[in-house]
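For reference, the structure is listed below as structure tokens.
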Number of protein chains: 2
Amino acid sequence: MSAIHIALLGYGTVGKGVYKTIQTHQEKLKNIFRKDVKVVAILVKNIEKHHAPDPDILLTDDFNKIVKLEKLDVVIDAIFGKNPSFTYLQQAMNKGCHVITANKEMFAYHGTQLKQLAKEQGVTLGFEATVAGGIPIIQTLRQLLHVNTIQKVQGILNGTSNFILTKMREELYPFETALKLAQEKGYAEADPTNDVEGYDAFYKAVILSELAFGEIPNWEDSIRQGIQSITPEQIELFSAFGYRFKHVASMEKTAKGILCTVKPVLVNETHPFYQIEGVQNAVSIDGDIVGNISLQGPGAGMFPTASAIIEDLVYINKHSFSPIFLDEQNELSVKAFKTYWAIGGDVAVENIPSHIPIINRINPNFLIVEASWEEICSIQLPNVYLYQVLGRVLPEKTLVRS
Amino acid sequence: MSAIHIALLGYGTVGKGVYKTIQTHQEKLKNIFRKDVKVVAILVKNIEKHHAPDPDILLTDDFNKIVKLEKLDVVIDAIFGKNPSFTYLQQAMNKGCHVITANKEMFAYHGTQLKQLAKEQGVTLGFEATVAGGIPIIQTLRQLLHVNTIQKVQGILNGTSNFILTKMREELYPFETALKLAQEKGYAEADPTNDVEGYDAFYKAVILSELAFGEIPNWEDSIRQGIQSITPEQIELFSAFGYRFKHVASMEKTAKGILCTVKPVLVNETHPFYQIEGVQNAVSIDGDIVGNISLQGPGAGMFPTASAIIEDLVYINKHSFSPIFLDEQNELSVKAFKTYWAIGGDVAVENIPSHIPIINRINPNFLIVEASWEEICSIQLPNVYLYQVLGRVLPEKTLVRS
Ligand SMILES: NC(=O)c1ccc[n+]([C@@H]2O[C@H](COP(=O)([O-])OP(=O)(O)OC[C@H]3O[C@@H](n4cnc5c(N)ncnc54)[C@H](OP(=O)(O)O)[C@@H]3O)[C@@H](O)[C@H]2O)c1
Ligand SMILES: NC(=O)c1ccc[n+]([C@@H]2O[C@H](COP(=O)([O-])OP(=O)(O)OC[C@H]3O[C@@H](n4cnc5c(N)ncnc54)[C@H](OP(=O)(O)O)[C@@H]3O)[C@@H](O)[C@H]2O)c1
């Protein structure tokens with residue numbers, strides 16, 4: 001069986017996530033491509049820190065060795081910064097390789113040039129991972145909305161600043177405390193400027209603008225405002241009236257060109273961003289025919305980002321293969337998933353078998369329990385209402401019986 | 001210039017929406033297809049009720065006349081019921097036409113057969129409009145998530161029942177009153193069974209299951225429960241604790257096959273469906289690599305549904321044309337959009353120019369006003385905090401000065 005040969009630039013969070021996903025999804029990839037998918041080379045900066053996950057893989061700190069490989073089909077860019085990434089991808093394309101990148105800073109600056117070069121070289125360029133991690137917003141704009149004219153795009157595009165705002169509201173932390181927590185959790189870098197001052201969201205806004213409007217915003221005219229000056233007092237005040245602060249990137253086409261702003265705004269419950277909490281991302285699109293649609297999901301992280309890159313691999317190879325049908329889905333292992341249930345009516349704590357935790361007693365006649373469907377069916381009660389509960393329930397605050 | 005010849009089956013809400021969109025988007029369609037897009041025939045049931053929107057269009061109640069047309073490329077199905085729709089689409093495919101359908105009942109029953117026939121005939125089948133109106137959930141599953149194994153799909157797939165539940169909570173209406181309101185607004189049919197008992201959502205669940213899991217649920221084993229028995233008292237009780245009722249379709253792959261349920265469940269603020277109100281729809285997908293992503297948007301209506309159909313037209317024609325670049329977006333007309341702003345700090349009602357409505361005074365130091373960006377810039381105040389407010393603000397409850 002022939003193979004698709006891949007070089008990974010960078011072997012950090014994203015690079016490792018891609019490698020692992022290719023390993024765990026070999027069978028599925030083979031079904032889709034009718035070829036093996038093989039990582040043949042990995043580029044790193046400090047070669048002493050690393051060892052190759054497989055002896056057949058070339059681990060190197062010299063990109064020249066990679067670009068000279070005889071068999072190389074796809075180069076995946078998971079390193080940081082405008083350069084050398086841009087140069088490397090140009091070299092790869094000039095050699096006829098398809099390219100996938102997760103590097104938003106580089107792509108915000110050089111995306112237009114890379115798209116042009118890809119056209120000239122007849123290769124394909126994937127950049128789903130540059131914006132909003134696992135949310136397929138790039139491909140939705142690229143593949144699913146052609147006739148609609150996009151009028152406006154808004155997004156919560158930086159998980160770190162959204163996490164900080166969420167913690168400031170939930171715990172009434174000052175900005176510095178919430179930032180420290182984000183750093184402890186590995187969401188924020190030692191230098192958090194990129195995230196909290198809106199540079200990272202702005203890079204993503206540039207990439208989305210070009211896709212949605214065919215034009216990038218004027219960098220000088222754009223407004224970029226961070227979240228550092230928001231105080232717990234302001235947050236508390238607005239919370240009481242149903243408003244939350246969100247750090248929102250907004251792009252709109254105007255007579256003067258693309259108007260792009262990244263700034264903290266207030267949202268209330270009627271807006272799809274109200275509920276976007278923690279490191280989640282969301283994007284809302286206004287199309288002239290469809291109206292408003294929004295997407296939400298994980299904005300970053302090893303596997304969500306790997307997912308975006310791996311799905312781009314399919315996009316790249318779409319033209320070379322026969323139509324893909326989804327009837328080759330793997331069999332799932334069956335789990336007796338536990339979930340929450342509200343039980344109401346003639347029901348007392350004593351009626352619930354003792355191995356089932358009671359999370360919450362809403363009132364004398366309603367209990368919330370945690371149980372599998374099988375366990376729920378085993379409770380024999382007349383005159384009972386039963387509703388499944390979706391969403392996270394916080395037992396620590398309300399636990400009746402564990 | 002050659003043309004794409006289209007027959008519309010049905011000229012009601014959806015059929016008219018498609019016709020109007022094709023007319024208003026002629027230029028854009030021409031840019032994409034490098035062909036004219038022409039409606040050449042319209043099928044209706046009661047021909048006396050209608051007149052052709054253009055004298056060149058064949059308006060008929062006889063499908064035979066349509067299928068015999070010499071030039072016919074695409075048949076768009078916007079009629080009701082399993083038949084004659086199924087028969088008509090088979091005839092169209094056998095003639096070599098591509099087919100797009102909005103008819104979820106027919107597609108839930110006969111989708112598998114139509115997909116098979118499309119494969120045999122080498123034609124393409126679009127069915128985005130059958131599920132969740134303008135939300136591109138079908139194409140997201142079909143085109144954007146190939147490597148991910150879908151583990152679970154959940155959706156609010158019926159706008160009518162969601163509207164009823166929203167009104168019951170907001171106004172504490174009993175079910176019957178909320179249903180009557182839905183009928184007055186044109187959301188619910190005279191016979192609301194399809195919507196409130198979950199049949200409509202179940203058809204959509206069947207269509208999504210086949211796409212996500214390559215398998216349809218066992219119709220007999222599936223659980224379908226309506227919303228009629230929910231009382232305002234239950235709703236009030238759970239609201240007080242942060243729970244809302246939602247009518248949710250849920251599909252999961254188990255050892256016994258696809259488990260499909262449509263039933264009212266409780267969701268709290270941590271779940272993406274909490275905020276889905278009124279006639280909105282939403283779909284949440286769990287993929288093994290990406291984790292959870294959700295999409296929300298308009299679940300029905302003339303133009304959202306037309307959008308789904310028109311974008312399917314692009315999908316159908318993708319193989320026959322060179323790659324589509326989105327740099328041909330139309331110029332938007334510029335509007336001085338009014339929006340809401342929270343102004344805080346040293347600000348009194350008297351400081352705000354009298355033509356700017358003050359919607360809400362959050363506390364002595366914070367006002368919410370409605371104004372364009374230009375108007376906001378014209379307010380000259382020192383020491384002022386300014387945040388834009390996203391989401392609907394209800395002035396009737398709080399108006400300070402109009
Ligand atoms: N983390 C996420 O969730 C996420 C999401 C979307 C996009 N991204 C983007 O993906 C890229 C990688 O992010 P990451 O989180 O994986 O970073 P990371 O964990 O810091 O890993 C970066 C990797 O790139 C290598 N590298 C950096 N500069 C290099 C150079 N000049 N030449 C060769 N190798 C170099 C590093 O080598 P050493 O290990 O030898 O230092 C390291 O293996 C960034 O552009 C980021 O913005 C990340
Ligand atoms: N409305 C929505 O928002 C929406 C959204 C998604 C999907 N859909 C689906 O789209 C389809 C159409 O919905 P709609 O709201 O447009 O319905 P509608 O307004 O009632 O229009 C139905 C049209 O189909 C024609 N028709 C019905 N049966 C026919 C038959 N046997 N032969 C020829 N013509 C026939 C009717 O002709 P006459 O006018 O002569 O009676 C009418 O023009 C349905 O399958 C529906 O489930 C609707």
Side-chain angles (χ1 to χ4, degrees), chain A residues 21 25 28 32 134-136 139-140 143-149 151 211 213-214 237 241 253-255 264-275 289-298 303-304 306-307 310-311 314 324 326-327 329-330 332 334 342 362-363 387-392, chain B residues 21 25 28-29 32 134-136 139-140 143-149 151 211 213-214 237 241 253-255 264-268 270-275 289-298 303-304 306-307 310-311 314 324 326-327 329-330 332 334 342 362-363 387-392:
Chain A
T21 305
H25 287 66
K28 190 129 193 200
I32 293 172
I135 306 175
Q139 293 293 23
T140 297
Q143 292 196 67
L144 309 189
L145 295 172
H146 288 296
V147 190
N148 276 276
T149 295
Q151 299 172 316
L211 208 51
F213 308 116
L237 172 64
F241 289 85
K253 191 158 184 160
T254 72
V265 302
L266 291 164
V267 305
N268 67 19
E269 220 201 62
T270 65
H271 193 278
F273 290 171
Y274 183 76
Q275 230 188 310
I289 315 171
V290 73
N292 179 269
I293 50 180
S294 324
L295 285 71
Q296 70 178 80
F303 292 110
S307 173
I310 297 289
E311 297 290 355
V314 178
I324 295 153
L326 285 178
D327 46 21
Q329 295 276 354
N330 297 333
L332 279 184
V334 194
I362 292 233
N363 80 357
Y387 296 111
Q388 194 176 350
V389 177
L390 305 183
R392 197 162 30 94
Chain B
T21 304
H25 287 66
K28 190 128 194 201
L29 292 167
I32 293 173
I135 306 176
Q139 293 293 24
T140 296
Q143 293 196 66
L144 309 189
L145 295 171
H146 288 296
V147 190
N148 275 275
T149 295
Q151 299 172 316
L211 208 51
F213 309 116
L237 172 64
F241 290 86
K253 191 158 186 162
T254 72
V265 301
L266 291 165
V267 304
N268 67 20
T270 64
H271 193 278
F273 290 172
Y274 183 77
Q275 228 188 314
I289 315 172
V290 72
N292 180 269
I293 50 181
S294 323
L295 284 71
Q296 72 178 76
F303 292 110
S307 172
I310 297 288
E311 297 290 353
V314 179
I324 295 152
L326 286 177
D327 45 21
Q329 295 275 354
N330 297 332
L332 279 184
V334 194
I362 291 231
N363 79 358
Y387 297 112
Q388 195 176 352
V389 177
L390 304 183
R392 199 162 30 95

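Within every chain, numbering begins at 1; the chains are lettered A, B, ... in the order of the sequence lines, protein sequences first and strands thereafter. Basis for what follows: all heavy atoms, side chains included, without hydrogens, waters or symmetry-related copies. A quick note: this is a predicted structure, and the numbers were derived from the prediction, not measured.
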Practice task
Could you tell me which of B:Ile135, B:Val147, B:Asn292, B:Leu295 has the largest number of non-hydrogen atom pairs under 4.5 Å with chain A?
Solution key: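 So the answer, after comparing B:Ile135, B:Val147, B:Asn292, B:Leu295, is B:Val147.
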Problem - Non-neighbouring partners of B:Val290 that pass side-chain contact (heavy atoms from CB on, under 4.5 Å), sequence neighbours left out - result: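 B:Val290 satisfies side-chain contact (heavy atoms from CB on, under 4.5 Å) with A:Ser307, B:Asn148, B:Ile293 only.
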Practice task
Under 4.5 Å heavy-atom distance to chain A, tell me which part of B:Ile310 shows up: side chain, backbone, both or neither.
Solution key: both
Problem - Top contributor to chain B contacts, counting heavy-atom pairs under 4.5 Å, from A:Pro298, A:Pro272, A:Gly291 - result: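 Heavy-atom pairs under 4.5 Å are most numerous for A:Pro272.
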Handout entry: Region of A:Thr21 in contact with chain B, defined by heavy-atom distances below 4.5 Å
Key =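 Only the side chain of A:Thr21 comes within 4.5 Å of chain B.
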Exercise for the section: With rounding to the nearest 0.5 Å, note down the distance linking OG1 in A:Thr149 to CZ in A:Phe213. Expected result: 10.5 Å
Fill in the blank from the handout: One should read off an interatomic distance between B:Ser294 OG and B:Gln275 CD, to the nearest 0.5 angstrom, of 11.0 Å
Problem - Results of ring pair (Phe, Tyr, Trp, His ring centres under 6.0 Å) for A:Phe273 - residues two or more places apart only - result: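 Ring pair (Phe, Tyr, Trp, His ring centres under 6.0 Å) list for A:Phe273, sorted by chain: A:His271.
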